[in-house]
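All chains are named by letter (A, B, ...) in the order of the sequence lines, taking the proteins before the strands, and each is independently numbered beginning at 1.
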2 protein chains.
Amino acid sequence: MDPRTGMPRVGMVGGGQLARMTHQAAVPLGQTLRVLAESPDDSAALVTPEVEIGTHTDLEALTRFAQGCDVVTFDHEHVPGEHIRALVAAGHLVYPGADALQFAQDKALMRERLAALGAPVPRYAVLPGAADRDPAATLAAVVDFAAPGWPVVLKTARGGYDGRGVWVLQDEPAAAALLAELGPGTDLVLEELVPLERELAAVVARSPFGQAAAWPIVETVQENGICVEVIAPAPDLDGRVAAAASRLALRIAGELGVVGVLAVELFQVPVSDTAPDGILVNELAMRPHNSGHWSMDGAVTGQFEQHLRAVLDYPLGRTDALAPWTVMGNVLGGPADGAGAGIGMDERVHHLSARFPEVKVHLYGKAFRPGRKLGHVNVLGSDLARLRRTARLAADWLSTGEWTDGWDPHTAATTAAVPFIERTGR
Amino acid sequence: MDPRTGMPRVGMVGGGQLARMTHQAAVPLGQTLRVLAESPDDSAALVTPEVEIGTHTDLEALTRFAQGCDVVTFDHEHVPGEHIRALVAAGHLVYPGADALQFAQDKALMRERLAALGAPVPRYAVLPGAADRDPAATLAAVVDFAAPGWPVVLKTARGGYDGRGVWVLQDEPAAAALLAELGPGTDLVLEELVPLERELAAVVARSPFGQAAAWPIVETVQENGICVEVIAPAPDLDGRVAAAASRLALRIAGELGVVGVLAVELFQVPVSDTAPDGILVNELAMRPHNSGHWSMDGAVTGQFEQHLRAVLDYPLGRTDALAPWTVMGNVLGGPADGAGAGIGMDERVHHLSARFPEVKVHLYGKAFRPGRKLGHVNVLGSDLARLRRTARLAADWLSTGEWTDGWDPHTAATTAAVPFIERTGR
């Protein structure tokens, strides 16, 4: 308890944008998020006064941090399981626990656990990363796995994200070259390249008490392995498929004992024996997730508030959508030397508001770097085509300082009629 | 500019809940609110890392604070005008400016300025507070003002709030007693006791550029001079009256040169020569205001974000409501020895979420004190009677730790069916 307020102290390991947005959600709950950040300039460290500097792999730093918290949770999945177990053994509450989190840390464990549960997953094989792994035998296993046909997908079991650590292998020579580059010592997961129609995500939250809540199933749109757009709810999704996806995510959360937000990334594929509902699990994330950012503006309870409620074992909030559609667009750092490079983020926000006063901006306070997630935008309403266009234009503008449709504020007609807004004064 | 982020630094004088909620709104805009607080335990100082300790009447503290800000604004209206002018003379941007803010600081000035603008105001008279004010002459002026009939209303021109500094005088002896108690030296405003039907508020925001935006007109419900409930939009309000009220507030914002949020508190009264639209101006507030708290959850752009946009001269955000109705309930500290006194706020939030998972909680991190504003709740939807009941029950529960309808979680049926929520796990 914070003696000043009588409210609980949640600590989040990691000072990235997820922690930043969790602090934003903590404020109305009467709380102050504590953050273990690598640097005082980390995204979350810029906005909360309760910052400790330290690294998530340093058990001493974690222990010191946990001593000031009623419950510890995570901005990312990189805290070693043995450190989490040590914190729990020392009497700290840590959610999600190590037993759950391992399935978000290791894709090989995740595939095997989900397969054991009978959850729909792509055909896969695990290549254990023994230090003495025989290159020829490993290649033979890949070739064997690819017998039904190339290409196949190879992933590192640990450490990949946003498309990193994932390769599509077109043939045996490509596989041989990659395996030589990766060397032994890294667990690998082979997967079939699924006949992907699109990607979906089922985001849920679960409390220690066992209550769970699901947001509507969303469609996620990736480019170069990075999510660029989320549409809530997923357009034209069969109601039975949506219900199956929600049930699947709730079941995974329960079976794995997840506490907090769980995002289940899904492939939508043709119905088959292995995908009876037309969905296959791609990956799991046990924290607030990019596919849930829409909920900050588009749902009664956003994912960051829900994550706090869950780890505090509060009853969960309603997850209903506030509008027929919400579209999220990611703001990724554009090329540094683009035409808009001279236009700072402050000025970009200014111009964005002038053109699209309905867009909700979420900026992470991060320095520009090409491809880096700098923020996102949400926009909600009833005209999906227009919302998607607005979100994309807005995100691209904030990313690059360029209007990709060639819009020019100096020649454009003034913004479409905005009710309740007028120019006043002398 | 904050060199770490390239984003502007807004500073707010005062560390109360309005600053706290402004920081919450600053985070998604990529900013960190700077706060000049009286104490490190102030509501806002608990949630932002950028805190300076100092008093709003200390020009040195204000000057030091302003040097770290791109623009300075206010959590309250108590900064002396000459200090604001000194800051501006030293080259700082301060919004709202002293010329505008004086009308929110001094009810006598406000009445005279609005009357000069032809804005509808109650019949009034100003009793200047000269130190040598003759008690007999002052009483005679009150009696003269009351000639059409007692009771009349007497207000101190400066310093009153939440019903303090306002008295209803029933007769001449009461007036004599109060004047004797107040003594000379305080400007007083006499007003007719208007034939009040209900109270409304028109909340708008205006930027230095002169753009202004209005939220829907709301009804405010007071008890003992303190706002306890706000209904957005005001039920059964004639569209022409609503439009007149919005136009009036936008006109006042423009004529007075307000920058930031302006709340115009209104009396709804029968139509008359002095109230041709059935509204009279009660008071002005030039900052985010209790009557605008509903917009945090109920409108596309909440008043705290809009205030930041306005003082930064960003284009303003859309003010559309997200649901047919939003109801705000104030959480006021209840009697310290009530039956719920042993139930801490953490536990109250827990139980509230169990009963009403749709309620949005906003807590200010303040220690309990009877009558103190500790937080508010918002709830939105389409069934107004139910929303009002929910907001009232929720606010009373958080205030007192008692369900005023006698609800008992141990005997009550489980919460009405909540879609997407179920119990999971082993």
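- Salt bridge Glu305(B)/Lys360(A): present, at least one basic N to carboxylate O contact under 4.0 Å.
- Contacts of Val359(A) with chain B are made by backbone atoms alone, with heavy-atom separations under 4.5 Å and no side-chain atom involved.
- Here the shortest heavy-atom pairing between Ser39(A) and Ala45(A) reads O-CB, 3.7 Å.
- Proximity to chain A (any heavy atom under 4.5 Å) is restricted, for Val349(B), to the side chain, taken from C-beta onward.
- Highest contact tally toward chain B, considering only Met1(A), Arg20(A), His351(A), is held by Arg20(A) [criterion: heavy-atom pairs under 4.5 Å].
- Each of Leu46(A), Thr301(A), Leu374(A) has some count of heavy-atom pairs under 4.5 Å with chain B, and the biggest count is that of Leu46(A).
- Under 4.0 Å is where a charged nitrogen must lie from a carboxylate oxygen, and between Arg4(B) and Glu50(B) at least one such pair does.
- Both the backbone and the side chain of Val47(A) come within contact range of chain B, with heavy atoms under 4.5 Å apart.
- Aromatic rings from His307(A) and Tyr95(A) are positioned such that their centres are separated by 6.0 Å or more.
- Here the CG-CG distance, from Leu398(B) to Leu363(B), works out to 6.5 Å after rounding to the nearest 0.5 Å.
- Taking the six-membered ring for Trp and thresholds of 30 and 60 degrees, His362(B) and His376(B) have nearly parallel ring planes, at less than 30 degrees apart.
- Top candidate by heavy-atom pairs under 4.5 Å with chain A, chosen from Ala25(B), Ser207(B), Gly365(B), Ala323(B), is Gly365(B).
- When heavy atoms are compared at a cutoff of 4.5 Å, Leu380(A) approaches chain B solely by way of its side chain, counted from C-beta outward.
- In terms of heavy-atom pairs under 4.5 Å with chain A, the best-connected choice from Val258(B), Asp2(B), Val51(B), Val27(B) is Val27(B).
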